[in-house]
Amino acid sequence: MEYNFTEIENKWRVYWKENKSYHVEIDTKKPKFYVLDMFPYPSGAGLHVGHPLGYIASDIFARYKRLDGFNVLHPMGFDSFGLPAEQYAIETGQHPTKTTEVNIARYKSQLDNIGFCFDWDREVRTSDPSYYKWTQHIFSLLFEAWYNPNSNKAEPITSLIEKFSTTGYQQISTADWNSFSQKQQQDTLMQYRLAYQAESYVNWCEALGTVLANDEVVNGVSERGNHPVVRRLMTQWFLRITNYAERLLDGLDALQYPESLKEMQRNWIGKSVGAEIQFAINNEELADENKTIRIFTTRPDTIFGVSFMVMAPELDLIDTITTAEQQQAIAEYKKYVSSRSEIERMADKKISGCFTGAYAMHPFTKQEIPIWISEYVLAGYGTGAIMAVPAGDERDYKFAKHFNIAIPNIFEGVDIAENTCTDKNVTLCISDFLNGLKAKDAIHAAIKKIEAETIGTAKTMYKFRDAGFSRQRYWGEPFPIIHTNDGIAKLVKELPVQLPHAETYSHGPNGKGPLANLTEWVQTADGLRETDTMPGYAGSSWYYLRYADPNNENEFASREATDYWNQVDVYIGGAEHAVGHLLYSRMWCKVLFDLGKISFDEPYKKIINQGMIGGSSRFVYRVKDSNHFVSFGLKDNYVTNALHVDVNICDNLELDIEKFKEWRAEYTTATFELEDGKYICGTAFEKMSKSKYNVVNPDDIITKYGADTFRMYEMFLGPIELSKPWDTKGIEGVHRFLRKFWRLFYTDNGELKITSDAATNEELKTLHKHIKKITWDMEHFSFNTSIAQFMIVTNELAAMNCTKKEILEAVLITLAPFAPHITEELFHAIGNTTSILDAQFPKCNESYLVENTFLYPIAINGKARTEMEFAFDASAEAVQAEVLKNEIVQKWLEGREVKKFIFVKGKMINVVG
RNA sequence: GCGCCUGUGGUGAAAUUGGUAGACAUACCAGACUUAGGAUCUGGCGCCGAGAGGCAUGGGGGUUCGAGUCCCUCCAGGCGCACCA
């Protein structure tokens, strides 16, 4: 009987579905294991072969854990709010609710085709009101919480109100608080809430008609669509994620994330430790006003090297301090700066600046220091002003050279005529109380002195900003917020706030989103509804919690469920979410933990980033101004244009000419010049996309080879974290393997050849070697080498003509996570009546692997020359005597004396002569 | 510019603690079976060399009895950050 994968796979798909084989419930008798995939955005294009790579790996791992005795949670859902659905709606007039529905159905059928063990009873969709009700609920918790720096955690806002009204807090005394109007009190609280509204410069994208978070802007253009992004002052919602900077940073150490991912997060948070120092402004007119410039520096040790100050051109203080003579020049420079877009500033880093005419006073030497403004100092970082130390900072150095400002050398014995010096191991000079200290030691000494003299304080700065949480779009979660007539933002208690139906999705007035057009919805008895919607990362920041208890109507998830399923043990997904999604969901987790809603403060214990599968594009070469195509090897003889051709009409590199002629009407009359009777295409590794005609649909592969082959081939391509092009060549090898595996069980005539005879020692050894290898690979996510091992064990058992049930059944179970359909079929064929899903993963019995002898490679002077077999317990002396007698050893020693004899038991022998 | 990662046959790759480099596939070559082969099976397959043997893990250097693996340095490719004071 031939291996009929289509029949087998259809049969078991139905069986698993009807028997709810993948349904899981809390079972306190079993240890739990939570394997999660980053859920997909259900786009209209459906899945291509690149998408399932991570899903296959997690599916294999989840199945393995189940066989290994764990109660495994392995859910799937859809991140179904977002821009593309809305843009598709604008283009086609179809409502996003409808298209989302259709796309999800398509995704689910494609995923089921591959044979994933998702518990669909736990499916979540972020755009479903029963889900976003709880996204809004968690937003409400964030709104009703503040970060208490003393307890170092989030607390209900009521604890802050209590502080204000009993003891006062920070700049606000009890008396102040009590004298505030309701509006003033609410405005004050808004400055502490974890979800807050504020006016701020945001990334505004005109083309998309919305603001974007920092991680959604790349090099001054939108990540999605590459549209220009400008800074714009707008009232927006934000999450106070910066309060969690230190904990987000600290938490990384204990997590099993790829090092590169941790590095990206650290980079994004951008912690720098230093001091904030005040410089008095040495200006008679301002003397009474007590004005100072506050600067941030990581190098307070270089304070005696300051020769000028620089402020960001956007700072208000500039207008106050600029002298009459410099007014004109400063105004012109500011105009120049504001004329430059973000992109221009980044592309063209020429040195520019302008002197304000004002001077600051050095806090120690009391010398006058000129104050400049320049675009190289950013308003958004630190205090927006710096003390410039050209001797110790590259940018300051270039600026000083350019404008001919003094470069005092504060480093003993260092030549700074040509270059700045950033080495912290040099000794300081002309630095008063810091003289003789190494720079790295002087940092601490300088801060101590600065604090003692009350001219500044030690300070830690973070690069990242609070996360923008508003989008001026339709297809997202509405905020549960109503703005009362006296301008107070109030939570809506009744959730969900349903996303109202809209027929059109054009912008509202004044940069507002489409919801602003729905006046009936906006106007309520209590005031006006918030018309922004939440960003894409809102729903994905907590979905892993909802899977634990997806149908709960009273809570986002019961405590019992989140306590049991707990943290995600393994989270698999792309590295592109390293700083966005992962940081946000880590923050939400910490907030929920602080507020006592869940029992852990990190969502994901371990993360694996699967590589991207790119497309392997195919090209044909058309001779210029003709319909004549020449094969790849001949193209250099002509002037040709390379044209993308659909990979699906090529057999590897060879073009199927008939299909090509049918592909496009213009090619029906095409003529060809072949090499060896074939038309060979050119290739390139590119992103898989429709426009490059290199998209391969998993459904097609599955029709041709079956899901089991597809799953195994994706794993066989290489290590899971590596990016690689999809190339269908090679899939035959994996398919051949499955057919060969089938023939271990069945004769060519379709007779089962399994026997219940006892296995030989040799067979047992082969089996247990196999179990050991597979187990190791599983625990290390080394699935490509597992496939190799399956091929090895199959080849070995076939060579032995092994038909023992004892052996084959165990191998079958080890293969089940990879190839669930064929193994389920064979498991039943050999007499089992229960599903292989509930079998037990075999354990390696080391006693079968014990060897009495070892075949040692014998090296002479490090080069392997021969092999000799010795008993494991042979003494070193006996081995040495025997080895030295050996003819080949004698020959290679060429009569030299043995200087050294290296004997590594069970490994190798090296004779040095 | 800075940080992280990766460089191994024609191709995808393996080598788990420093111990026989190239497992397992694919491509290719030769052969068997066959009406047929795009089924199946057998053998070959890093490079040079007739052979003995020599040379080989991006280049160069080092540590070691022994290096793909550790250290230094340079080169190439990928990813991230990029006026962050």
Side-chain angles (χ1 to χ4, degrees), chain A residues 2 218-219 258-268 270-272 274-275 295-300 302 310 312 345-346 349 351 374-378 380-389 392-396 398-399 461-464 575-576 578-579 609 611-612 651-653 713 716-719 721-725 727 729-734 736-737 739-740 743 748 772-773 776-777 779-780 782 784-795 798 855-867 898-913:
Chain A
E2 263 294 294
V218 179
N219 291 329
E259 204 45 49
S260 61
L261 197 156
K262 289 187 184 182
E263 209 48 45
M264 273 190 252
Q265 293 201 1
R266 289 191 188 109
N267 226 318
W268 186 258
K271 178 180 180 176
S272 48
I295 61 98
F296 174 72
T297 179
T298 55
R299 296 291 305 275
T302 62
V310 188
R345 264 170 95 148
M346 274 185 287
K349 290 180 186 168
I351 297 161
S374 171
E375 61 177 338
Y376 88 88
V377 171
L378 308 176
Y381 184 72
T383 59
I386 60 155
M387 64 174 205
V389 182
D393 183 281
E394 180 108 20
R395 295 151 302 177
D396 299 347
K398 283 185 178 153
F399 194 85
M461 241 5 129
Y462 300 95
K463 206 160 68 181
F464 82 150
E576 65 274 18
V579 291
N609 288 134
M612 289 235 279
D651 181 8
N652 242 330
L653 296 182
Y713 181 57
F716 194 53
L717 285 172
E721 63 277 6
L722 240 59
S723 288
K724 51 229 156 194
D727 230 317
K729 90 178 184 196
I731 197 167
E732 296 281 351
V734 174
R736 263 199 285 272
F737 154 73
R739 283 205 305 262
K740 189 164 182 179
R743 290 199 304 272
D748 292 345
K772 189 177 181 177
K773 171 68 177 156
W776 193 93
D777 283 349
E779 299 294 343
H780 293 84
S782 180
N784 55 326
T785 53
S786 297
I787 312 270
Q789 176 57 33
F790 285 118
M791 292 171 172
I792 291 169
V793 81
T794 301
N795 289 342
L855 188 63
Y856 286 89
I858 315 282
I860 288 89
N861 291 331
K863 284 215 176 292
R865 297 297 181 185
T866 185
E867 288 178 331
V898 175
K899 291 200 195 99
K900 210 163 181 179
F901 188 84
I902 313 282
F903 173 64
V904 185
K905 197 169 170 180
K907 290 271 190 207
M908 58 95 67
I909 291 164
N910 190 10
V911 186
V912 185

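Letters A, B, ... mirror the listed sequences (proteins, then strands); counts begin at 1.
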For this session: Rounded to whole angstrom, note down the C1' distance from rG22(B) over to rU11(B).
Result: 13 Å
For this session: Could you state the atom-to-atom distance from CD1 of Ile858(A) to P of rG66(B) in whole Å?
Result: 17 Å
Seminar exercise, completed: Separation of rA82(B) atom P from Tyr381(A) atom OH, nearest Å, is 13 Å
Exercise. So, the side chain of Lys900(A) versus the backbone of Asn910(A): is there a donor-acceptor pair under 3.5 Å, distance only?
Worked result: no
For this session: Measure from the side-chain N and O atoms of Lys463(A) to the backbone N and O of Asn267(A), and report whether any donor-acceptor pair falls under 3.5 Å.
Result: yes
Problem set entry | Presence of Arg865(A) side-chain N/O under 4.0 Å of rG54(B) phosphate oxygens OP1/OP2 | yes
Exercise. Which comes earlier along RNA chain B counting from the 5' end, the contact point of Arg743(A) or that of Ala385(A), where each point is its nearest nucleotide?
Worked result: Arg743(A)
For this session: Let me know the distance between CD of Glu263(A) and C1' of rC2(B), rounded to the nearest Å.
Result: 11 Å
For this session: Report the nucleotide, chosen from rC65(B), rA14(B), rA23(B), that has the shortest atom-to-atom distance to any side-chain atom of Pro719(A).
Result: rA14(B)
For this session: Determine the interatomic distance between P on rA67(B) and the same-named atom on rG60(B); round to the nearest Å.
Result: 15 Å
For this session: For Asn609(A) and rG80(B), give me the distance from atom CG to atom C1', rounded to whole Å.
Result: 12 Å
Exercise. Taking the chi torsion of rG9(B), is it syn (within 90° of 0) or anti (everything else)?
Worked result: syn
Exercise. Closest to the Asn795(A) side chain: rA85(B), rA25(B), rU40(B)?
Worked result: rA25(B)
For this session: Report yes if a side-chain nitrogen or oxygen of Arg736(A) is closer than 4.0 Å to either non-bridging phosphate oxygen (OP1 or OP2) of rU26(B); otherwise report no.
Result: yes
Exercise. Within the pair Asn784(A) and rA14(B), is there a side-chain N or O less than 4.0 Å away from OP1 or OP2?
Worked result: yes
Problem set entry | Nucleotide nearest Ile792(A) (side chain, heavy atoms from C-beta), chosen from rA23(B), rA85(B), rC83(B) | rA23(B)
For this session: Round to a whole Å and report the spacing from CZ of Phe716(A) to C1' of rA13(B).
Result: 8 Å
For this session: Please assess Thr298(A) against Met461(A) for the test side-chain contact (heavy atoms from CB on, under 4.5 Å), listing each intermediate value before the final yes or no.
Result: CA-CA 9 Å; Thr298(A) 55; Met461(A) 241 5 129; over 6 Å; no
For this session: Could you walk me through whether Glu259(A) and Arg266(A) pass the salt bridge (charged side-chain N to carboxylate O under 4.0 Å, His left out) test, one step at a time?
Result: CA-CA 10 Å; Glu259(A) 204 45 49; Arg266(A) 289 191 188 109; 3.4 Å; yes
Problem set entry | Met264(A) CE to rC79(B) P, straight-line distance once rounded to whole Å | 11 Å
Problem set entry | Separation of the P atoms in rU57(B) and rC2(B), to the nearest angstrom | 29 Å
Problem set entry | Distance, rounded to the nearest Å, where Phe737(A) contributes CZ and rA25(B) contributes P | 10 Å
Exercise. Taking atom types as modelled, is there a side-chain donor on Asn795(A) or Lys740(A) under 3.5 Å from an acceptor on the other?
Worked result: yes
Exercise. Is Lys899(A) touching bases, backbone alone, or none of the nucleic acid, heavy atoms closer than 4.0 Å?
Worked result: nothing
Problem set entry | Ring geometry between Trp776(A) and His780(A) (parallel below 30°, tilted from 30 to 60°, perpendicular above 60°) | parallel
Problem set entry | Nearest non-hydrogen partners of Phe903(A) and Ile909(A), listed with the distance | CD1-CG1, 3.6 Å
Problem set entry | Minimum-distance nucleotide to Met791(A) side chain [options: rA25(B), rA85(B), rA15(B)] | rA25(B)
Exercise. Just how far, in rounded Å, is P of rC4(B) from CG of Asn267(A)?
Worked result: 11 Å
Seminar exercise, completed: Tightest non-hydrogen contact, residues Met908(A) and Pro857(A), listed as CB-CG, 3.7 Å
Exercise. Nearest to the side chain of Lys740(A), which nucleotide is it out of rC41(B), rU40(B), rA14(B)?
Worked result: rC41(B)
Exercise. Should Asp748(A) and Arg743(A) be marked as a side-chain contact (heavy atoms from CB on, under 4.5 Å) after you check the CA-CA gap, both sets of side-chain angles, and the distance that decides it?
Worked result: CA-CA 7 Å; Asp748(A) 292 345; Arg743(A) 290 199 304 272; 3.8 Å; yes
Exercise. Within the structure, does a side-chain N or O atom of Ser272(A) lie under 4.0 Å from either OP1 or OP2 of rA85(B)?
Worked result: yes
Seminar exercise, completed: Pairing string of RNA chain B (Watson-Crick or G-U wobble, both atom distances under 3.5 Å; | = paired to other strand) is (((((((..(((......[....))).(((((.......))))).(((....)))..(((((..]....))))))))))))....
For this session: Please work out if Ile787(A) contacts a base, only the sugar-phosphate, or nothing of the nucleic acid, heavy-atom cut-off 4.0 Å.
Result: nothing
Please produce a list of atom pairs where a protein N or O lies less than 3.5 Å from an N or O of nucleotides 16-21 of chain B.
unit_1, atom_1, unit_2, atom_2, d
rU16(B), O2, Trp776(A), NE1, 2.6
rU16(B), O4, Lys773(A), NZ, 2.7
rU20(B), N3, Glu867(A), OE2, 3.0

Exercise. Is there a side-chain contact between Glu576(A) and Asn609(A), using heavy atoms and a 4.5 Å cut-off?
Worked result: no
Exercise. Which of these nucleotides, rU40(B), rA23(B), rG80(B), is closest to any side-chain atom of Ala788(A)?
Worked result: rA23(B)
Problem set entry | Tyr856(A) versus Val904(A), closest heavy-atom pair with distance | CE2-O, 3.6 Å
Problem set entry | 5′-ward residue of the pair Lys724(A)/Lys863(A) relative to RNA chain B | Lys724(A)
